[in-house]
Amino acid sequence: MPARFELHGVFLSGPTYKVGLMLSLAGEPFDYVHVNLREGEHKQPTYLSKQRFGQVPLLVDRSNGRQLCQSAAILEYLADTLGKFGGATLDERLQAREWLYWEFDRLAPAIYRSRSIRKGFRKGGPELLEMYATEADAALTVLDRHLAGRNWVVGEGATIADIDIYGVIAFAEEAEIGLASYPNIVAWVKRVEALPGFGPTGKLLPPETKAAA
Ligand SMILES: N[C@@H](CCC(=O)N[C@@H](CS)C(=O)NCC(=O)O)C(=O)O
């Protein structure tokens, strides 16, 4: 039987990694489809008819034909539909959602963009890197304080808030943003990485299209 989910993306993409991580932690096999951004495949009509923003990731749920975009929204969908990592109560679900919005506003720009500059995917000089370093420090300080005395971002177990935020923090090293001065984050990272089904960046997603194992 073919896998229920088909993830379209690029293995180097943080938002694609987040969705792959969620599926892997939820124990859901998925077919993976490489999207050739270099050749502009994501801006072609066929792809745009499935992903209106012309970006990766795109998740297809073959059980109902849904074509889903925006990594945070996809995590919410998967939590709802699989009944996993959504939070134990309505309040936890609401808090998890607040962290998703916070992550994309405060954390992702600084870390993802610094990484893109460091890797040569994006233009930018020392001034920009310095600004992102300051913004990353502000966001990481908020998260580190929040995690003091807690195992997980929300409630007593891992939720999509942890998966979503981990999907950014996992790229901090490549962004040359050190985590050593955030001890609660360092401890939390280890907890996320110990979850069953965890796979690291660079390994979880294949560089090319690959059917589910
Ligand atoms: N907010 C989106 C961001 C997606 C995103 O930035 N994707 C990048 C790759 S990491 C992309 O598709 N870039 C090509 C483009 O925007 O044209 C999400 O979380 O899914």
Side-chain angles (χ1 to χ4, degrees), residues 5-26 28 30 32-61 66-81 85-86 96-124 128-129 132 135-136 139 143 153 159-177 192 199-209:
F5 295 104
E6 186 182 283
L7 174 60
H8 297 237
V10 172
F11 81 112
L12 293 171
S13 147
T16 309
Y17 171 71
K18 273 191 228 170
V19 176
L21 181 60
M22 171 77 181
L23 289 165
S24 184
L25 292 173
E28 279 293 327
F30 59 93
Y32 179 74
V33 181
H34 173 70
V35 181
N36 194 331
L37 298 192
R38 276 203 195 128
E39 288 185 10
E41 193 186 335
H42 56 311
K43 304 298 180 194
Q44 298 304 313
T46 313
Y47 187 80
L48 286 170
S49 68
K50 299 181 200 159
Q51 216 282 17
R52 73 179 77 81
F53 302 120
Q55 290 186 308
V56 292
L58 153 72
L59 184 76
V60 180
D61 182 345
R66 282 203 172 90
Q67 297 168 334
L68 303 139
C69 58
Q70 290 294 335
S71 60
I74 296 173
L75 296 193
E76 287 200 88
Y77 174 76
L78 289 172
D80 284 350
T81 194
F85 301 114
R97 179 176 290 164
E98 289 167 3
W99 280 101
L100 302 191
Y101 281 95
W102 173 83
E103 173 271 296
F104 216 75
D105 179 33
R106 296 283 134 170
L107 187 66
I111 293 184
Y112 282 166
R113 288 182 190 161
S114 303
R115 171 188 179 241
S116 294
I117 294 170
R118 302 273 186 204
K119 288 185 96 62
F121 300 151
R122 194 185 185 106
K123 285 191 186 145
L128 210 48
L129 285 168
Y132 288 141
E135 288 179 8
L143 181 62
V153 173
T159 67
I160 51 174
D162 300 280
I163 298 168
D164 184 69
I165 294 170
Y166 180 86
V168 178
I169 289 200
F171 295 93
E173 196 179 324
E174 288 182 16
E176 296 181 29
I177 290 171
V192 175
T201 61
K203 288 216 173 117
L204 185 80
L205 300 175
E208 290 303 336
T209 295

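All ligand and atom numbering here is 1-based and tracks the order in the structure.
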Check this for me, if you would: do Lys119 and Glu174 make a salt bridge, where the nitrogen-to-carboxylate-oxygen distance has to be below 4.0 angstrom?
yes

Enumerate the atoms of ligand 1 whose separation from the nearest heavy atom of Pro57 is less than 4.0 angstrom.
20 (O)

So for Lys18 against ligand 1, with non-hydrogen atoms under 4.0 Å, the contacting part is neither

His8-Glu6 side chain donor-acceptor pair, cut-off 3.5 Å
yes

Which residue owns the protein heavy atom closest to atom 2 (C) of ligand 1, what's the atom, and how far is it?
Gln70 OE1, 3.1 Å

Sub-4.0 Å atoms of ligand 1 with respect to non-hydrogen atoms of Lys43:
15 (C), 17 (O)

Taking the side chain from Ser116 and the backbone from Tyr112, do they hold a donor-acceptor pair closer than 3.5 Å?
yes

Heteroatom proximity flag, Gln55 to ligand 1, N/O under 3.5 Å
yes

Hey, does the side chain of Asp162 reach the backbone of Val153 with a donor-acceptor pair shorter than 3.5 angstrom?
yes

Is it the case that the side chain of Gln51 and the backbone of Phe53 share a donor-acceptor pair, with hydrogens and angles ignored and the cut-off at 3.5 Å?
yes

Quick one: does Glu28's side chain have a donor or acceptor within less than 3.5 Å of a partner on Leu23's backbone?
no

Evaluate the ring planes of Tyr166 and Tyr17, with Trp represented by its six-membered ring, and classify them as parallel (under 30°), tilted (30 to 60°) or perpendicular (over 60°).
tilted

Please indicate whether any nitrogen or oxygen in Ser13 is less than 3.5 Å from any nitrogen or oxygen in ligand 1.
no

Could you tell me whether Gly14 and ligand 1 have an N or O pair separated by under 3.5 Å?
no

Region of Ser71 that comes within reach of ligand 1 [heavy atoms, distance under 4.0 Å]
both

Identity of the nearest option to atom 7 (N) of ligand 1, non-hydrogen atoms only, from Val56, Leu59, Leu100:
Val56

Under 4.0 Å, counting heavy atoms only: does Phe104 come that close to any atom of ligand 1?
yes

